[in-house]
Amino acid sequence: MNDALQSLLDLLALERIEQDIFRGQSRASVVPRVFGGQVAAQALVAAGRTVPADRPPHSLHAYFLRPGDPGAPIVYTVDRIRDGRSFTTRRVVAVQHGQPIFHLSASFQVHEEGLEHQEPMPPAPDPLTLPTAAEMLPRYADRFVEPGVTERLLEAREAIDLRYVDEPPFGTVGQAREPRSQVWFRTNGDLDKALADGAGCGDTVTRPLLDICLVTYVSDMTLLDSILLAHGRGGWAVGDVVGASLDHAMWFHRPLRADDWLLYDQESPTAQGGRGLGKGRIFTADGLLAVSVIQEGVIRVPRV
């Protein structure tokens with residue numbers, strides 16, 4: 001099994017310290033704070049562990065309140081807001097050093113039959129025809145402001161096989177483009193095998209919940225890229241913007257598997273006031289719309 005995938009699954013194996021209180025660890029990020037996708041995924045794990053297994057999450061709404069310290073554990077406290085016949089609601093507060101750093105509300109639902117329609121999947125090339133991160137990122141090493149950024153990016157994404165359909169923001173610095181981007185992604189390894197081999201969260205999280213939490217983790221990696229593309233900016237690694245996630249919302253429409261290829265289609269409808277909005281749709285490889293995502297982030301041009 002991929003060691004990086006094992007490490008990621010271990011991050012989701014939260015320690016229960018009271019009935020509805022859990023503790024999670026962090027790992028180094030490419031920036032000097034906890035990666036937002038990690039906190040969101042861990043908070044959803046904490047909420048899901050207080051909900052019956054037949055109720056997967058159908059939505060989450062979250063706010064990033066303070067930068068997380070990657071060197072300290074994170075305590076997740078779950079409030080059992082409501083347990084209804086069809087829906088269950090949970091609220092989670094993540095705390096470090098006595099202060100809340102993240103707040104999440106999540107809703108879970110039993111399976112129901114109902115009306116169905118969806119937007120069609122946009123065209124995209126076969127992911128296997130696209131370069132891997134290891135093939136692509138070293139090409140841009142001379143554009144990054146600090147030595148070692150390429151290695152840090154590769155390490156941060158080692159558990160996830162993420163492939164850009166077009167050039168990433170740091171590949172076309174200075175060229176304004178349409179505010180749209182696409183990536184294909186999947187876990188870098190088979191999840192069933194990882195769980196059978198004793199991955200840390202296998203005995204506490206159901207497979208459907210694990211898939212959703214892993215997609216939540218990845219959803220924060222590239223969603224603000226389309227904002228940068230609209231202005232020809234390369235991002236924090238290039239040093240022409242500073243930014244951070246402010247809030248994050250996801251709706252889970254249909255089942256998915258995080259170790260199968262998923263297309264993340266992203267766009268930005270607006271940026272203003274030092275903030276930018278990103279919208280994303282995640283499709284399965286056979287064209288099913290599985291997840292919708294919206295995130296607002298701080299996007300500021302550094303003062304000179």
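When reading the values below, keep in mind they use all heavy atoms of this one structure, side chains included, and skip hydrogens, waters and symmetry mates. Computed from a prediction, not measured in an experiment: that's the story for all the values here.
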Can you list everything that forms a side chain to side chain contact (heavy atoms under 4.5 Å, CB included) with [X]? Sequence neighbours excluded, please.
X	answer
Thr150	Leu137, Pro138, Ala141, Phe144, Leu154
Pro122	Gln182, Leu263, Asp265, Arg281, Phe283
Arg143	Tyr140
Asn188	Asn2

Practice problem: Mind checking the CD-CZ spacing from Gln42 to Arg23? Nearest 0.5 Å is all I need. | Solution: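 Output value for this atom pair is 12.5 Å.
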Can a side-chain donor-acceptor contact be found between [Y] and [X] if the only test is distance below 3.5 angstrom?
X	Y	result
Gln295	Asp220	yes
Thr270	Gln272	yes
Arg177	Thr172	yes

Practice problem: Provide the closest heavy-atom pair for Ala46 versus Val78 in the form atom of the first, atom of the second, distance. | Solution: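 Ala46 and Val78 have their closest heavy atoms at O-CG2, 3.7 Å.
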Exercise. I would like to know whether Ile74 and Gln38 meet side chain to side chain contact (heavy atoms under 4.5 Å, CB included); could you show each step before the answer?
Key: CA-CA 11 Å; Ile74 306 172; Gln38 175 203 306; 4.1 Å; yes
Quiz item: To which residues is Leu277 joined in a hydrophobic cluster, defined by side-chain heavy-atom contacts under 4.5 Å among Ile, Leu, Val, Met, Phe, Trp and Tyr, whether direct or through other members?
Solution: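 Trp251, Ile294, listed by chain and number.
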Practice problem: Using the side chain to side chain contact (heavy atoms under 4.5 Å, CB included) rule, take His248 and Met250 through it: C-alpha gap first, then chi angles, then the decisive distance, then the call. | Solution: CA-CA 7 Å; His248 198 81; Met250 303 180 72; 3.6 Å; yes
Quiz item: Can you name the salt bridge (Lys or Arg N to Asp or Glu O under 4.0 Å) partners of Glu151, sequence neighbours left out?
Solution: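 Glu151 satisfies salt bridge (Lys or Arg N to Asp or Glu O under 4.0 Å) with no other residue.
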Self-check item: Output field: ring centroids Phe64/His103 closer than 6.0 Å
Solution: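 Not under 6.0 Å, so no.
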Quiz prompt | Close side-chain approach of Val291 and Ser219, heavy atoms under 4.5 Å | solution =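 Contact flag for Val291/Ser219 side chains = no.
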Quiz item: Does Asp225 pair with Arg180 as a salt bridge, N-O distance under 4.0 Å?
Solution: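 Arg180 and Asp225: not salt-bridged.
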